[in-house]
Amino acid sequence: MSTLTIYNTLTREKDEFKPLHEGMVGMYVCGPTVYSHSHIGHGKSYVSFDVIVRYLRFRGYKVLYVQNITDVGHLTDNADEGEDKLVKQARIDRVHPMQIAETITRSYFEDMDALGIVRPDISPRASGHIVEQIELIKRLLEKGLAYEVNGTVYFDVRKFAGYGKLSGRVVEEMVEGTRVEVRSEKRHPSDFALWKRADGGHIMRWASPWGDGYPGWHVECSAMSMKYLGETFDIHGGGMDNQFPHHECEIAQSEGATGHPFVRYWIHNNLVTVNGQKMSKSLGNFVTLKDAFTRHAPLVVRFFILQSHYRSTLDFSEEALQGARSGFDKLANTVRNVREELSRATAEDRAHGGVLDAGPYRMRFLEAMDDDFNTPQALAVLFDFATELNKLLNAEPRPSRATLEDALTVFDELGGTVLGIVPAASGAETGQASIEPGLVDLLLSVRTEARKQKLWSFSDMVRDGLKGLGVGLEDKKDGTTWRRTS
RNA sequence: GGCGCCGUACCCAAGUGGUAAGGGAGAGGUCUGCAAAACCUUUAUGCGGCGGUUCGAAUCCGCCCGGCGCCUCCA
């Protein structure tokens, strides 16, 4: 097996992956701020990290995957001023902020489940870890890396030498040209809030050594990741837009407090564009997943995402999604045909027949995934494999049972377990007891009889009618098969 | 202004020194009562442009053109 390499933002190159503890991986990914429904950008991000987790597990690592739910703390305009997003939405909807958080959290998991994303092992809520955040801030104050002003605690950026190492920024150079307004309270414009004083009407507030307030922008991720994964862990992921300042600040807080390296591999996925333009909350041009799912099956969206590399931007367009759908169908058809042929081969106890060695395809797939999770290339391997299998399925002698079994294993493991785009056999294929498949079969036998009598317009009527109901027919040499097409 | 990314066929998209993956769409063909599915052939002497390094460059270097991102929230 080749070695797994991961593009590490910290080193700016593909590093060989070696976990801190043999066989175990601690991984943290920045989760959503739950104040509005997830959009396709979230989809791309979490599908990408889902495949990374799946692949690591497939490769035999025991992965502990932690992804936070931010239900407090992020602000609307800049790091130090502005309104809490949850509070703002709550005011608009005239409900308690936690009601928004709860509703949106459910919505988020609903969408992620639809995309076939394996749930994180732990989904810690920021509001449930206020104590840990306060403890972290206390440690930073004790070490002299933070200071308090009027109930607000700031991180003193100039006291932490490593500030800027992730994003390649130099503190002194950042001041000029930025739009960060200098707040007189702060010792340096780049200092960021760890704890914020809650003014009069602020609903989300907690008691702290510095008075009533709420956690700053970045502490939750440091506090929660270290709580569950330890002070140094293997992988931290997130969107590229979080590289600075969010992740930079996380490093400063965590390493400042512990004195140890925080994260060994930083993984950043690229963003989604719509019509070539960045999709963002402030631009208001985002497409929610729920909206996308009304036009495209969730698995097609997942397939579409995996057709480009996680570090590339992905341009969302209806045309591209249509193309993805056709490609996805092609792969799904092949898997279905292999399953059907296998049940025939099993029934006739077919020991000999056409042969295709799955080994080379499996190897190429793993090599692609080992190369910084190159899912487009891995998919290309599955397509190559499908083409060869289709040839075999059309040829005489019929493929051997062993070949079909191997092929199915490849599809189930690589396409299913790793990429998550090959679902388990559907009800119709497994003969699930239901009246509907029985009725379709009955119609098909009637139509077959009609075709024997060359009653073409009659048989076409049945076919067209079923098509309208989302059942597609295929007349093959050894009989007619059907599948759901919508 | 500072830092960074990208530009590959009609569309999407891999490939980072060895002579252009894969998917979609189009054209032609095989099979079929017709479809559908599948298979075969075909569609970039060419990788934004111009130079340079090299036996050899889409891949490395320089300049230019075009698009985008971060430096304020965002995955």
Side-chain angles (χ1 to χ4, degrees), chain A residues 12 29-33 36 38-49 74-83 85 164 167-170 173-181 190 217 237-246 268-273 276-283 286 303-304 307-309 311-315 317 319-331 333-334 336-337 364 368 374-384 386-387 389-391 393-395 451 454-457 459-460 463-464 467 472-477 480-481 483 485:
Chain A
R12 311 239 163 224
V29 170
C30 286
T33 302
S36 66
S38 301
H39 50 67
I40 50 180
H42 293 109
K44 172 173 162 66
S45 182
Y46 298 124
V47 164
S48 300
F49 288 114
H74 281 199
L75 303 176
T76 46
D77 45 23
N78 72 49
D80 307 309
E81 297 296 337
E83 201 173 7
K85 288 185 287 200
S167 53
R169 284 158 214 264
V170 181
E173 286 177 2
M174 260 182 337
V175 183
E176 285 176 63
T178 55
R179 282 166 282 170
V180 177
E181 281 179 41
S190 292
W217 186 17
M240 260 174 186
D241 49 345
N242 273 331
Q243 218 173 84
F244 186 90
H246 185 53
H268 289 100
N269 75 284
N270 217 136
L271 308 178
V272 169
T273 56
Q277 266 241 309
K278 183 202 174 184
M279 189 176 69
S280 78
K281 293 186 175 171
S282 51
L283 287 175
F286 61 87
F303 175 86
F304 174 66
Q307 262 190 313
S308 80
H309 189 88
R311 284 194 287 115
S312 305
T313 52
L314 177 65
D315 196 48
S317 72
E319 192 186 1
L321 257 299
Q322 283 305 329
R325 193 237 158 102
S326 301
F328 175 81
D329 282 349
K330 178 177 181 166
L331 214 50
N333 278 338
T334 302
R336 194 188 79 238
N337 288 332
R364 282 171 56 205
N374 194 331
T375 56
Q377 207 151 60
L379 275 174
V381 175
L382 291 188
F383 274 105
D384 285 345
T387 298
L389 277 171
N390 284 327
K391 281 185 202 173
L393 287 167
N394 286 335
R451 291 180 70 227
K454 299 191 191 300
L455 299 170
W456 306 130
S457 63
S459 60
D460 288 352
R463 184 173 62 198
D464 293 345
K467 190 181 179 189
L473 301 191
E474 289 174 25
D475 293 325
K476 296 176 181 173
K477 284 196 186 82
T480 301
T481 63
R483 65 185 165 115
T485 54

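The chains referred to below are lettered A, B, ... by the order of the sequence lines, with proteins before strands, and numbering in each begins at 1. Note that the coordinates shown come from a computational prediction; the quantities given were computed from them, not determined experimentally.
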Using the C1' atoms only, state how far B/A13 lies from B/C6, rounded to an integer number of Å.
14 Å
Taking the C1' atom in each of B/U8 and B/A44, what is the distance between them to the nearest angstrom?
8 Å
Taking atom P in both B/G51 and B/U59, what distance in whole Å separates the two?
14 Å
Among the candidates B/A75, B/C71, B/G22, find the nucleotide nearest to the side-chain atoms of A/Cys30.
B/A75
At under 4.0 Å, does any side-chain N or O of A/Asn270 touch on OP1 or OP2 of B/A75?
no
With the side chain counted from C-beta on, respond yes when A/Phe286 and A/Val272 share a heavy-atom pair under 4.5 Å apart, and no when they do not.
no
Nucleotide B/C73, atom P - distance to CG of A/Asp241 in whole Å
10 Å
Hey, is A/Trp456 stacking on B/G33? Ring centres under 5.5 Å, planes under 30°.
yes
For B/A44, what is the paired nucleotide under Watson-Crick or G-U wobble rules, both distances under 3.5 Å?
none
Report the distance from atom NZ of A/Lys477 to atom P of B/U32, rounded to the nearest whole Å.
7 Å
P gap between B/A9 and B/A21, integer Å:
14 Å
Would you mind reading off the distance between A/His268 atom NE2 and B/C5 atom P, rounded to a whole angstrom?
15 Å
For B/G62, what is the paired nucleotide under Watson-Crick or G-U wobble rules, both distances under 3.5 Å?
B/C50
Could you go through A/Thr313 and A/Asn270, starting from their C-alpha distance and side-chain angles, then the distance that decides it, and tell me whether this counts as side chain to side chain donor-acceptor pair (under 3.5 Å)?
CA-CA 5 Å; A/Thr313 52; A/Asn270 217 136; 5.3 Å; no
Can you measure from OG1 (A/Thr480) to CG (A/Leu473) and round to the nearest 0.5 angstrom?
7.0 Å
With distance as the sole test, does A/Thr334 use its side chain to make a donor-acceptor pair with the main-chain N or O of A/Lys330 at under 3.5 Å?
yes
B/G1 and B/G17: how far apart are their P atoms, nearest whole angstrom?
34 Å
Salt-bridge present (A/Arg463, A/Asp460; N to O < 4.0 Å):
yes
From the set B/C31, B/G22, B/A14, return the single nucleotide nearest to any side-chain atom of A/His309.
B/A14
Counter-base of B/C39, judged by Watson-Crick or G-U geometry with both distances under 3.5 Å
B/G29
Who does B/G18 pair with, Watson-Crick or G-U, both distances under 3.5 Å?
B/C55
Roughly how many Å is it from CD in A/Gln322 to P in B/G26, rounded to a whole number?
12 Å
What is the distance, rounded to the nearest whole Å, between atom CZ of A/Arg311 and atom P of B/A75?
21 Å
Give the ring-plane orientation class for A/Phe303 versus A/Phe383, where under 30° counts as parallel, over 60° as perpendicular and anything between as tilted.
perpendicular
Give, for atom CG of A/Leu271 and atom CD1 of A/Ile40, the distance between the pair rounded to the nearest 0.5 Å.
11.5 Å
If you compare every side-chain N and O of A/Thr33 against the phosphate oxygens of B/A75 (OP1, OP2), does one of them come in below 4.0 Å?
yes
Which value, in whole Å, describes the distance between the P atoms of nucleotides B/C12 and B/U53?
35 Å
What interatomic distance, in whole Å, is found between C1' of B/U19 and the corresponding atom of B/A58?
11 Å
Rounded C1' spacing from B/U42 to B/C74 in Å:
46 Å
Can you find a donor-acceptor pair, distance only, under 3.5 Å between A/Asp460 side chain and B/G33 base?
yes
With the criterion being N/O to N/O and under 3.5 Å, what pairs connect the protein with nucleotides 35-38 of chain B, and how long is each?
unit_1, atom_1, unit_2, atom_2, d
B/A35, N6, A/Asp475, O, 2.9
B/A35, N1, A/Asp475, N, 3.0
B/A35, N3, A/Arg463, NH1, 2.9
B/A38, O3', A/Asn390, ND2, 3.1
B/A38, O2', A/Asn394, ND2, 2.4

Touch class at under 4.0 angstrom, heavy-atom based, for A/Phe49 against every strand present
nothing
When all nucleic acid strands are considered with a 4.0 Å heavy-atom cut-off, which category describes A/Val29: base, sugar-phosphate, or nothing?
nothing
Using side-chain heavy atoms (C-beta onward) and a distance below 4.5 Å, is A/Thr481 in contact with A/Lys476?
yes
Considering every strand and a 4.0 Å limit on heavy-atom distances, what is the contact class for A/Leu379: base, sugar-phosphate, or nothing?
nothing
Polar atoms only, N or O, under 3.5 Å: list the protein pairs with nucleotides 10-12 of chain B and their distances.
none

One should read off an interatomic distance between A/Leu379 CG and A/Leu331 CG, to the nearest 0.5 angstrom, of 7.5 Å
Searching all strands shown, indicate the nucleotide that pairs with B/A9 (Watson-Crick or G-U wobble; both distances under 3.5 Å).
none
A/Arg12 CZ to B/C3 P, straight-line distance once rounded to whole Å:
13 Å
When rounded to the nearest 0.5 angstrom, what is the spacing between NE2 in A/His268 and OG in A/Ser48?
13.0 Å
Side chain of A/Ser326: nearest nucleotide among B/A25, B/G33, B/A14?
B/A25
Separation between CG (A/Leu314) and OG (A/Ser45), nearest 0.5 Å, reads 12.0 Å
May I have the distance from A/Asp384 (atom CG) to B/A21 (atom C1'), rounded to whole angstrom?
7 Å
Separation between CG of A/Leu389 and CG of A/Asp384, rounded to the nearest 0.5 Å
11.0 Å
Pairing check on B/G1: which nucleotide meets the Watson-Crick or G-U wobble criteria with it, both distances under 3.5 Å?
B/C71
Classify A/Gly472 by what it touches in the nucleic acid, base, sugar-phosphate, or nothing, heavy-atom distance under 4.0 Å.
nothing
Distance, rounded to the nearest Å, where A/Asn269 contributes CG and B/A75 contributes P:
11 Å
Which comes earlier along RNA chain B counting from the 5' end, the contact point of A/Gly327 or that of A/Asn374, where each point is its nearest nucleotide?
A/Asn374
